[in-house]
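Comments concern the structure below.
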Amino acid sequence: MIAPAQSLVIVGSGLAAWTLVREFRKLDAQTPITLITRDNGDFYSKPMLSNALSSGKTAAQLVSATSAAMAHQLGVTVMTKTDVTAIDPVACSVTTALGPVTYSRLVLALGADPVRLPLQGDAADRVISVNDLQDYATFRAQLEGAKRVTVIGAGLIGCEFANDLVQAGYEVDVIDPGTHPLGRLLPLEAGQQVQQALAHAGVRFHFGTSVQAVLAAPQGLQVELANGHRLASDLVLSAVGLRPRIALAKAAGLQTARGIVVNRQLQTSQTDIYALGDVAEVEGLLLPYVMPLMQSARTLAAHLAGQPATLRYPAMPVVVKTPAMPVVVSPPLADAQGSWQVNAFSDGVDARFVGSDGTLLGFAIAGKATGQKTVLQKSLPAVLA
Amino acid sequence: MKVWQCIVCGFIYDEAQGIPEDGIAAGTRFEDIPENWECPDCGVAKADFEMVEIG
């Protein structure tokens, strides 16, 4: 397939890819866009994957627009079920099973793969992760007839799933080597409040240990923990983080670190190739959340439309959808100097990370205190000024 | 008064409550929120992702 001389090719069809298309079309209605995706390209709400169960939403119900509808509405050619296997930066083309596709500018919106811990046992391959709509459909299918679910990881995604599952009536065990839920986001006291609320809702936490093996049992699965405990389970869900899909870029000689390295125009080390979303590492920052993605997509859209644009990140609090104890957290930057001041009360916690001069540098609020979000957000420094 | 939900992140906008701390008074209809408003949780533009009426 030979694309027109000025053509934008986007690989991926997640929130990053579709948001870029929308934002770009606001500025440029003419330039041909081809979107190449390995799945079916439907537009759906990614953040809802971890809280759609208790509201009874099926995978199909999470689709807000099919890829055909998006293609028509936005004037895009969509190549579905198509893997991109190589990039040739010299010839400006990508390799697919349907032949090469040439680009004048290429955007890699490849996303990230769930990290999978090495596990022993004859049922280790039955552990699932939910990172896209197809995974969610699989998850729903496997929950049919299941009663007990083990969640590996008590981070944001693990906690959201645990809350959703327990609310939907399942027995839930959560295993994490740390000391409290949302360990990388919350100070201990705040994490403990979340733990109490989730435990009250029925979640059983196992901290300070890890899953060693998953074995087939006469009924369901047996999960063996490093501390010697054994759990009977019907389904094991792994939620231990994301790893950007950098292989394609690396093979093409683009600069990569944890993600594909891009500048403030989302441009990779190769002229005319860009990266966006969970795969992109901007000035050392990998932020797999919606708000940074929106900022990035708008900046890249403007840049591709020929307008001067530089990516800036304001403070971007992350909302953790755990209805048992809602949390909003804006972690201090990695190099921030200061300390947590935690004020815990019966139905929430207000934790603020304050610098030596009294400046607010981060916060973690839960329960009733989440009402402070807007006020606190306004006084935080920018993440990327 | 209606309740609306962001189709990307699930944020709920309840017209009866408004978002007073963000300058949107209680009782503000969704259509009366400025067009440059963005979802406070995920940053999606009002114009792009219409809120779904859920109540």
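Proteins get letters first, then strands, A, B, ... in listed order; numbering begins at 1 in each. Computed over heavy atoms, backbone and side chain alike; hydrogens, waters and symmetry mates excluded.
- The shortest distance between side-chain heavy atoms of A:Tyr44 and B:Val8 does not fall below 4.5 Å.
- Of the listed residues A:Asn51, A:Val290, A:Leu62, the one with more heavy-atom pairs under 4.5 angstrom with chain B than any other is A:Val290.
- When the ring pair (Phe, Tyr, Trp, His ring centres under 6.0 Å) test is applied to A:Phe161, the partners found at least two apart in sequence or on another chain are A:Phe139.
- By the 6.0 Å contact criterion, CD on B:Glu31 is enclosed, its count of non-hydrogen atoms from other residues, nucleotides or ligands being greater than 12.
- For the atom pair SG of B:Cys9 and CG of A:Leu15, the computed distance is 10.0 Å after rounding to the nearest 0.5 Å.
- Taking CD of B:Gln5 as the start and OG of A:Ser55 as the end, the distance is 7.5 Å to the nearest 0.5 Å.
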Validation: residues 373-382 of chain A side-chain donor-acceptor distances under 3.5 Å, sequence neighbours left out:
from	atom 1	to	atom 2	distance (Å)
A:Lys373	NZ	B:Pro40	O	2.8
A:Lys373	NZ	B:Asp41	OD1	2.7
A:Lys378	NZ	B:Glu21	O	3.4
A:Ser379	OG	A:Leu376	O	3.0

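- A distance of 4.5 Å separates CD in B:Glu38 from CZ in A:Arg298, rounded to the nearest 0.5 Å.
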